[in-house]
Enquirer: 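Here it is: the structure, laid out below.
Throughout, a chain's letter reflects where its sequence line sits, starting with A, and its residues are numbered from 1.
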Amino acid sequence: MSAEASNPAATPTPCEDSQGDGRWMSQHVRFVSECKEREPDVVFVGDSLVQLMHQFGIWRQLFSPLHCLNFGIGGDATQHVLWRLSNGELDNISPKVVVLWVGTNNHGHTAEQIASGIMEIVQLIHNKLPNAHTLVLGVLPRGRMPNPLRQRNAEVNKLVQDALSSLSHASFFNVDPGFVLSDGSISHQDMYDYLHLTAHGYQAVCEPLHAQIKSLLDKPAEN
Amino acid sequence: MMSGGDLNPAAVPLPVEDRQGDGRWMSQHTRFVQECKDGEPEVLFVGDSMVQLMEQYEIWKEMFSPLHALNFGLAGDTTCNVLWRLQNGELENIRPKVVVLWVGTNNHDHTAEQVAGGIVAIAQLLTNRLPKAKIVVLGLLPRGEQPNPLREKNATVNRLLRSWLPRLGQALFLDVSNEFLHSDGSISSQDMFDYLHLTPTGYNTLAKPLSDLLLQILEETPEERRASLV
């Protein structure tokens, strides 16, 4: 596919330092350093939903024992993750699993563009780490009540799930335990701002995710 | 001293526009207004993500829930947004003894003087609406891994607050900025995972002095407390 030039979601783009404190680049540089210092079996990469996971007790409980690194940055869209992974965040490491969770911050992009951006990342990971399996997490619903972003995210998931079905080095994993209730609402007990997860919300996401990662790690290596 | 009025853009009440399309800001505001009808907080926390995130960590349950605290933090908020929320329902039906105000780091379009003026305007509003309450204003923390213009800006805001707030009588200023700066001027990701937002460790550094101060205020003047229940 050569749609990169016309798809901003699939064009590696660093985040501009519009605020003036260079925080995005500082975080990226720190992740590149971690690649030189550590030997992770699992790398998590994505946006704030990945980054915040690291701040809750559940990370130490479920993921630290699996030798995981967390390369989430709040606000990141697919094009930012694509840039980071093309610029050092997959170097010097050979994880068995890469967990990719991104797409909800691609404002202004269509579901098709976002899905293509995600697939571009999956391809990049496979090029750099041919022996790794990429687990692509479904983008969660957001907003207290039904709204266009929920539709967009659901469409992204459908497109990505279809595209991944033919690949052996990557798979789709739905981590939504049913956050949308029967009246269409999302509870602030699960997402305190109807986007970011509470500790309770992370519990519901991380337990099945942990089981899935473990089963991938326990698989005998191919070749 | 610059404070309110239409000369200071940081003191103009403004709601957040729903640009993303899922109405989350208004949903959160609406929920806070409802919490005012349901609850009788002794302590009200109001501000931006620095306030909001605090409630997600264990520290909140350990140190602040027991004080009967409500958390009206909203990520991304500027002084303008907090001012709007407080004028549009988030102070209705409640009589907290203390309000903790922490906002200003997101005022990217405003100068340090304007930001400090906006914070003072909020403190003034709180004092007008809750004459018996103490207002604890938290200093803006340094941000960014290394020294940068926003650190200077936030430090200037703090300097101005230190000099302007005493005129309000009911306002106290608590600044723990120095706790986060290492000797080489860097901030550790152990304290701020993205060099802005606090980790649980970072919040522990702030929580102890804040909790001590709140306990001190809450233990004061039981007569006033009985009077306010009339």
Enquirer: Which bit of B:Gln52 is near chain A, if near means a heavy-atom gap under 4.5 Å: side chain, backbone, both or neither?
Expert: side chain
Enquirer: Start with the C-alpha gap between A:Asp193 and B:Leu74, add the side-chain angles, then the distance that decides, and say whether side chain to side chain contact (heavy atoms under 4.5 Å, CB included) holds.
Expert: CA-CA 8 Å; A:Asp193 61 356; B:Leu74 230 171; 5.9 Å; no
Enquirer: Heavy-atom cut-off 4.5 Å, strictly under: side chain, backbone, both or neither for A:Arg150 against chain B?
Expert: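 A:Arg150 has no heavy atom closer than 4.5 Å to chain B.
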Enquirer: Relative to chain B, which segment of A:Ile73 carries a heavy atom at a distance below 4.5 Å: side chain, backbone, both, or neither?
Expert: neither
Enquirer: Highest number of heavy-atom pairs under 4.5 Å with chain B: which of A:Arg144, A:His54, A:His196, A:Met191?
Expert: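 Max contact count across the listed options: A:Arg144.
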Enquirer: Are the side chains of A:Tyr202 and B:Gln56 in touch, meaning some heavy atoms are under 4.5 Å apart?
Expert: no
Enquirer: One pair to check against side chain to side chain contact (heavy atoms under 4.5 Å, CB included): B:Phe193 and A:Leu52. What are the steps and the verdict?
Expert: CA-CA 9 Å; B:Phe193 58 85; A:Leu52 279 170; 3.7 Å; yes
Enquirer: Identify which of B:Thr201, B:Thr199, B:Leu150 forms the greatest number of heavy-atom pairs closer than 4.5 Å to chain A.
Expert: B:Leu150
Enquirer: Assess whether side chain to side chain contact (heavy atoms under 4.5 Å, CB included) is satisfied between B:Gln20 and A:Arg142, documenting all intermediate values.
Expert: CA-CA 11 Å; B:Gln20 293 177 356; A:Arg142 50 185 286 173; 2.7 Å; yes
Enquirer: Kindly indicate, with the supporting measurements, whether the criterion side chain to side chain contact (heavy atoms under 4.5 Å, CB included) is fulfilled by A:Gln55 and B:Tyr203.
Expert: CA-CA 12 Å; A:Gln55 304 310 315; B:Tyr203 274 115; over 6 Å; no
Enquirer: Which residue out of B:Glu145, B:Arg143, B:His108, B:Arg31 racks up the most heavy-atom pairs below 4.5 Å with chain A?
Expert: B:Arg31
Enquirer: Going from OG on A:Ser48 to NE2 on B:His197, what distance comes out if it is rounded to the nearest 0.5 angstrom?
Expert: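 It comes to 9.5 Å.
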Enquirer: Among B:Asn148, B:Leu53, B:Asn106, which residue forms the greatest number of heavy-atom pairs with chain A at distances under 4.5 Å?
Expert: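 Among the listed options, the one with the most contacts to chain A is B:Asn148.
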Enquirer: So, B:Arg24 side chain and A:Gly143 main chain: donor-acceptor pair closer than 3.5 Å or not?
Expert: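 Here the side-chain-to-backbone pair does not exist.
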Enquirer: Using a 4.5 Å cut-off on heavy atoms from C-beta on, say whether the side chain of A:Tyr192 contacts that of B:Glu55.
Expert: no
Enquirer: Show the nearest heavy-atom pair for residues A:Gly20 and B:Pro149, with the distance to one decimal.
Expert: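 Scanning both residues completely, I find the closest heavy atoms to be O-CD, 3.7 Å.
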